[in-house]
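Read the structure below first, then the notes.
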Amino acid sequence: MVSDYPHLIDLNDHPVSWWNGLLDLGQEILQNPVLYANSCKGKIMGTLFYEPSTRTQMSFQTAMLRLGGTIIGFDNPQTSSVAKGENLKDTTKIVSGYSDVLVIRHPTVGAAKAAALTADCPVINAGDGGHLHPTQTLTDMLTLKCEKGRLSGLTIGLCGDLLNGRTVHSLCKAMSCYPDNRFVMISTRELAMPSYIKDIIRAHGCSFTEVTSLEEAMPELDMLYMTRIQRERFASEEDYLAQKDTYILTPQKMKLARPDMIVLHPLPRVDEITVSVDDDPRALYFKQARYGMYVRMALILTMLQSTKKTELLSGSVHPGVVCRNPKCITHAEPYLPKSFTGRGTTLTCEYCDERLLLEH
Ligand code: NCD
C-alpha cells in the first residue's frame with residue numbers, strides 16, 4: 001500500500017542518498033540558521049506524544065518554531081479525547097487534517113505506521129515502543145558526521161538495554177548501510193540485541209560481536225553508545241531490578257578508551273554514566289541533543305517540500321493470522337489490515353517485524 005504522502009516510519013523507507021541529503025542540510029542549517037528562519041512560515045506541525053519525552057518533543061517543537069512555523073498537539077493523552085476511548089485512527093485522522101506534518105510517539109510497537117495508514121499529511125515516527133526511533137538515529141548520525149567526520153569505518157560499541165532500546169535498533173539498521181562499520185554489542189544475555197536486527201547487520205555484510213564486559217570492549221571503540229535500561233518495557237519491577245546498574249560508565253573506565261573515542265547517549269540518563277564523566281571532552285551527549293534540533297529542522301523542511309510517496313505495506317493481508325508479539329499495535333487497534341511479508345510458513349509482521357512460523 002503506497003500512501004499519498006512522504007513519511008518517516010523507518011529510515012529504510014528512504015534510500016541512503018536521502019539520509020545523506022538530510023544530514024548535509026542539517027549541517028548547512030547549523031552553520032546558517034538565519035537563512036532558514038522563515039522556511040516553514042504558515043505551516044503547522046501536530047505532535048501526538050502518547051509517551052513521556054523531553055528532548056524529542058521539545059527539539060521537534062523548537063525545530064518548527066525556528067523554521068517560522070507553529071505547533072499544536074498533546075504531550076499527555078489523558079488530557080485529550082484518548083481519555084474518552086478514542087482510537088489511534090480517529091485521533092490521527094482529525095489532527096492530521098489540522099496539520100501539515102504530524103509527529104507521533106507511542107508506547108505500542110508499530111503505532112507510527114498504523115497512524116500513517118490513515119493520516120492526511122506526512123507522519124514522522126518519534127519512537128514506537130521498543131521498536132524504532134529513526135529521528136534519534138539521524139541525530140546520532142549528524143553528531144558522528146560533525147564530530148568524527150565520517151559515517152563509515154567505525155567500531156561502534158552499544159551498551160545497556162539492547163533488547164528494548166529502540167534507539168540502538170534504528171542505529172544498527174542505519175549504520176550497517178555504510179561500509180566497514182563494526183558493532184560491539186555489550187549487554188547481559190537477557191538484554192541482547194534482537195535477532196532480526198543482527199540478521200539485518202549480517203545481510204549488509206557488516207560484522208558484530210556480542211560481549212558482556214564493557215571494560216574489555218573499551219580500547220577498540222571509536223564510539224560508545226550508552227543506553228538506559230528501559231524500565232517501562234519490563235514485565236515486572238523484579239526483572240528490571242535484576243538488570244539495573246550492570247553497566248556504569250565511570251572516569252576510571254574512560255581511561256581504557258582511546259583519546260579520540262566519543263561517548264553518545266540518547267538521554268535521559270539514569271545512572272549508567274556517572275555525572276563525573278560529563279567533564280571528559282569525549283562525553284558528547286549534551287552536544288548530541290543539540291544536533292538533534294538541527295537535523296529535525298532539516299527533516300521537517302524536507303517532509304514539507306517532498307512530493308515523494310512512501311510505501312507503507314508491501315506484503316499481503318492474512319485476515320486469520322494473529323501477530324504473536326503482545327506489544328504489536330495490531331492487538332490494540334483491531335481494524336488494522338493484518339499485513340505480513342514473506343510467504344510459505346514464515347511470515348513477518350509489517351508493523352512490528354515479529355517473525356511467525358505458521359503450522360500447517
Ligand atoms: C530515547 C527514547 O525515547 O527511546 N530518548 C530519546 O528519545 N532521546 C531513549 C530512552 O528513553 O532511553
Side-chain angles (χ1 to χ4, degrees), residues 7-20 22-23 109-113 116 125 127-141 144 150-187 189 191-211 217 221-223 225 227 230 233 264 266 310-315 323-325 327-329 339-357:
H7 300 289
L8 178 62
I9 307 306
D10 179 341
L11 277 172
N12 298 93
D13 294 335
H14 304 275
V16 176
S17 56
W18 186 89
W19 316 349
N20 291 337
L22 265 185
L23 299 176
V109 178
K113 182 174 277 193
N125 181 6
D128 61 325
H131 188 216
L132 296 171
H133 195 342
T135 68
Q136 180 63 47
T137 296
L138 290 170
T139 300
D140 306 337
M141 287 161 77
L144 283 170
R150 65 187 199 279
L151 291 167
S152 55
L154 295 167
T155 300
I156 299 168
L158 307 147
C159 180
D161 191 346
L162 308 187
L163 175 68
N164 301 300
R166 54 194 173 199
T167 58
V168 287
H169 303 161
S170 284
L171 186 61
C172 287
K173 286 179 73 172
M175 293 306 287
S176 61
C177 294
Y178 291 91
D180 305 324
N181 286 329
R182 209 163 65 78
F183 301 89
V184 183
M185 300 168 180
I186 309 150
S187 76
R189 274 201 0 214
L191 298 184
M193 189 66 81
S195 52
Y196 88 92
I197 299 286
K198 291 190 272 190
D199 289 347
I200 292 171
I201 294 174
R202 273 191 213 99
H204 284 107
C206 289
S207 66
F208 66 86
T209 50
E210 294 184 277
V211 300
L221 305 179
D222 292 305
M223 188 260 269
Y225 199 90
T227 62
Q230 307 276 299
R233 316 256 181 250
L264 303 190
T310 304
E311 182 165 39
L312 290 172
L313 300 175
S314 60
C323 177
R324 62 159 193 212
N325 176 2
K327 296 177 178 169
C328 179
I329 191 71
S339 190
F340 296 86
T341 54
R343 53 175 96 97
T345 54
T346 312
L347 298 178
T348 302
C349 174
E350 285 209 81
Y351 299 90
C352 72
D353 290 309
E354 180 84 12
R355 262 174 279 182
L356 309 176
L357 277 176

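Reckoned from all heavy atoms, side chains included, excluding hydrogens, waters and symmetry mates.
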### For C177, all residues meeting side-chain contact (heavy atoms from CB on, under 4.5 Å), sequence neighbours excluded
N12, V16, W19, H204
### Message
Nearest 0.5 Å, please: how far is CD1 in I201 from CZ in F208?
### Response
6.0 Å
### Message
As an exercise, state the distance from OG of S170 to CD of Q136, rounded to the nearest 0.5 Å.
### Response
9.5 Å
### Query
Going by heavy atoms in the side chains, are N20 and Y178 under 4.5 Å from each other?
yes
Give the table of side-chain donor-acceptor pairs shorter than 3.5 Å for residues 153-161, with sequence neighbours excluded, one pair per line with atom names and distance.
{"from": "D161", "atom 1": "OD1", "to": "L163", "atom 2": "N", "distance (Å)": "3.4"}
{"from": "D161", "atom 1": "OD1", "to": "N164", "atom 2": "N", "distance (Å)": "2.9"}
{"from": "D161", "atom 1": "OD1", "to": "N164", "atom 2": "ND2", "distance (Å)": "3.3"}
{"from": "D161", "atom 1": "OD2", "to": "N164", "atom 2": "ND2", "distance (Å)": "3.2"}
{"from": "D161", "atom 1": "OD2", "to": "Q230", "atom 2": "N", "distance (Å)": "2.9"}

### Query
Taking atom SG of C323 and atom CD of E350, what is their separation to the nearest 0.5 Å?
11.5 Å
### Query
Okay, side chain of R166, backbone of P134: is any donor-acceptor separation there less than 3.5 Å?
no
### Query
Are the side chains of T209 and V184 in touch, meaning some heavy atoms are under 4.5 Å apart?
yes
### Message
Please check: side-chain N/O of T310 versus main-chain N/O of H7, any donor-acceptor pairing under 3.5 Å?
### Response
yes
### Task
Tell me, with the steps shown, if L357 and T346 meet side chain to side chain contact (heavy atoms under 4.5 Å, CB included).
CA-CA 5 Å; L357 277 176; T346 312; 3.5 Å; yes
### Query
Considering all heavy atoms of both residues, which atom of A174 and which atom of M141 are nearest to each other, and what is their separation?
CB-SD, 4.0 Å
### Task
Kindly indicate whether the side chain of H169, heavy atoms from C-beta on, has any atom under 4.5 Å from the side chain of H133.
no
### Task
Look at the side chain of N125 and the backbone N and O of K113, then say whether any donor-acceptor pair between them is shorter than 3.5 Å.
no
### Task
Measure across S187 and A192 and return the closest heavy-atom pair with its distance rounded to 0.1 Å.
OG-CA, 3.4 Å
#### Entry: Side chain K173, main chain L132, donor-acceptor under 3.5 Å
no
### Message
Working note: D13 + E311, criterion side chain to side chain contact (heavy atoms under 4.5 Å, CB included); need CA distance, chi angles, decisive distance, verdict.
### Response
CA-CA 7 Å; D13 294 335; E311 182 165 39; over 6 Å; no
### Message
My understanding is that only residues two or more places apart in sequence, or in another chain, count here; which of them pass ring pair (Phe, Tyr, Trp, His ring centres under 6.0 Å) with Y225?
### Response
none
#### Entry: M175 and L151, any side-chain heavy atoms less than 4.5 Å apart
yes
### Query
If you look at every heavy atom in P194 and L162, which pair is closest and at what distance?
CD-O, 3.4 Å
### Message
For the CG atom of D222 and the CZ atom of R182, what is their distance to the nearest 0.5 Å?
### Response
9.0 Å
### Summary
Between A112 and I9 the two heavy atoms that sit nearest each other are O-CD1, 3.6 Å
### Query
If you measure from CZ on R233 to NZ on K327, what distance do you get to the nearest 0.5 Å?
7.5 Å
### Flag side-chain contact, heavy atom, 4.5 Å: Y196 against E354
no
#### Entry: Distance-only donor-acceptor check, side chains H131 and D353, under 3.5 Å
yes
### Message
Do L11 and L138 have side chains that approach each other closer than 4.5 Å (heavy atoms only, starting at C-beta)?
### Response
yes
### Query
Taking C-beta and beyond as the side chain, do S314 and T341 meet within less than 4.5 Å on heavy atoms?
yes
### Task
Determine whether S176 and F183 make a side-chain contact, defined as any pair of heavy atoms from C-beta on separated by less than 4.5 Å.
yes
### Query
Looking at R150 and D180, does any basic side-chain N land under 4.0 Å from a carboxylate oxygen?
no
### Query
From L221 CG over to I186 CD1, what is the distance, rounded to the nearest 0.5 angstrom?
5.5 Å
